[in-house]
Amino acid sequence: MTARRRYWLMKSEPDAFSIDDLQRVGTEPWTGVRNYQARNNMRAMQVGDGVLFYHSSCDVPGIVGTATVASVPYPDPTQFEAKSDYFDPKSTHAEPRWQLVDVSFERKLARTIALEEIRQHADKLGEEFALIRRGSRLSVLPVSAAQWKLLLSLE
DNA sequence: GCCAACGTTGGC
DNA sequence: GCCAACGTTGGC
């Protein structure tokens, strides 16, 4: 029995890793998440789940493409690498603190669905939608099927 | 267990 | 570059 496909939104700074980078490499381990809520969301992911790829901290923040979850959750290797920016000295191999999934490129949108535009649909998306909730900085967040459909209909 | 200080995120 | 909001750390 397979659970129903779920949907997520994942933020990335294009200067560090963009939708074009994902298209080039095909599949990428989503390293570096060091927030428990974001981690918990990745732990809940299943292979085949849909991902909205979002560019943050750039000229026009917004959704730029779609991807799919390509692995089950597994320990983020960078937490054990002393030279990595993401090294976590408190994490152990026996009890890894941080998990990630692999993400595979699906497609690039014809245009960026800008955050500014997304906000205009707040009434339909719901006040709780973490992407547009005031002060929310969550980088991996759940998206309902209805939100997924609405957001992609804006393309 | 409280909370001030600090660091980070991310829009603007 | 600024700064609001948030999460984490560490002294007490």
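Just so it is clear: chains get the letters A, B, ... in the order the sequence lines come, proteins before strands, and each one is counted from 1.
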- Task: For the side chain of A:Lys90, starting at C-beta, report the closest nucleotide among B:dG11, C:dT9, B:dG10.
- Result: C:dT9
- Message: Could you check, using the six-membered ring where one of them is a Trp, whether A:Tyr36 and A:Trp98 have ring centers closer than 6.0 angstrom?
- Response: yes
- Within the side chain of A:Ser12, is there an N or O that forms a donor-acceptor pair under 3.5 Å with the backbone of A:Phe17? yes
- Message: In this structure, how many angstroms lie between the P atom of B:dC12 and the CD atom of A:Glu117, rounded?
- Response: 14 Å
- To the nearest Å, how far apart are A:Arg34 CZ and B:dT9 P? 11 Å
- What integer distance in Å separates A:Leu141:CG from C:dC6:P? 15 Å
- Item | Spacing of A:Glu13 atom CD relative to B:dT9 atom C1', expressed in whole Å | 8 Å
- Item | Between P of B:dT9 and CG of A:Asn35, the distance in whole Å | 10 Å
- Spacing between A:Arg133 atom CZ and B:dT9 atom P, to the nearest angstrom: 18 Å
- Task: Without swapping roles, check the side chain of A:Ser91 against the backbone of A:Arg97 for a donor-acceptor pair under 3.5 Å.
- Result: yes
- Could you state the atom-to-atom distance from OH of A:Tyr36 to P of C:dT9 in whole Å? 7 Å
- Under-4.0 Å salt bridge between A:Asp76 and A:Arg34: yes
- Query: Expressed in angstrom and rounded to an integer, what is the separation of A:Leu138 atom CG from B:dG10 atom P?
  - Reply: 9 Å
- Message: Nearest to the side chain of A:Arg137, heavy atoms from C-beta on, is which of B:dG10, B:dG11, C:dT8?
- Response: B:dG10
- Residue A:Gln37, side-chain atoms from C-beta onward, closest of B:dG10, C:dG7, B:dC12: C:dG7
- Please determine, for the side chain of A:Tyr54, which listed nucleotide (B:dG11, C:dG10, B:dG7) has the closest atom? B:dG11
- Message: With a cut-off of less than 4.0 Å, is there a side-chain N or O of A:Lys11 near OP1 or OP2 of B:dG10?
- Response: yes
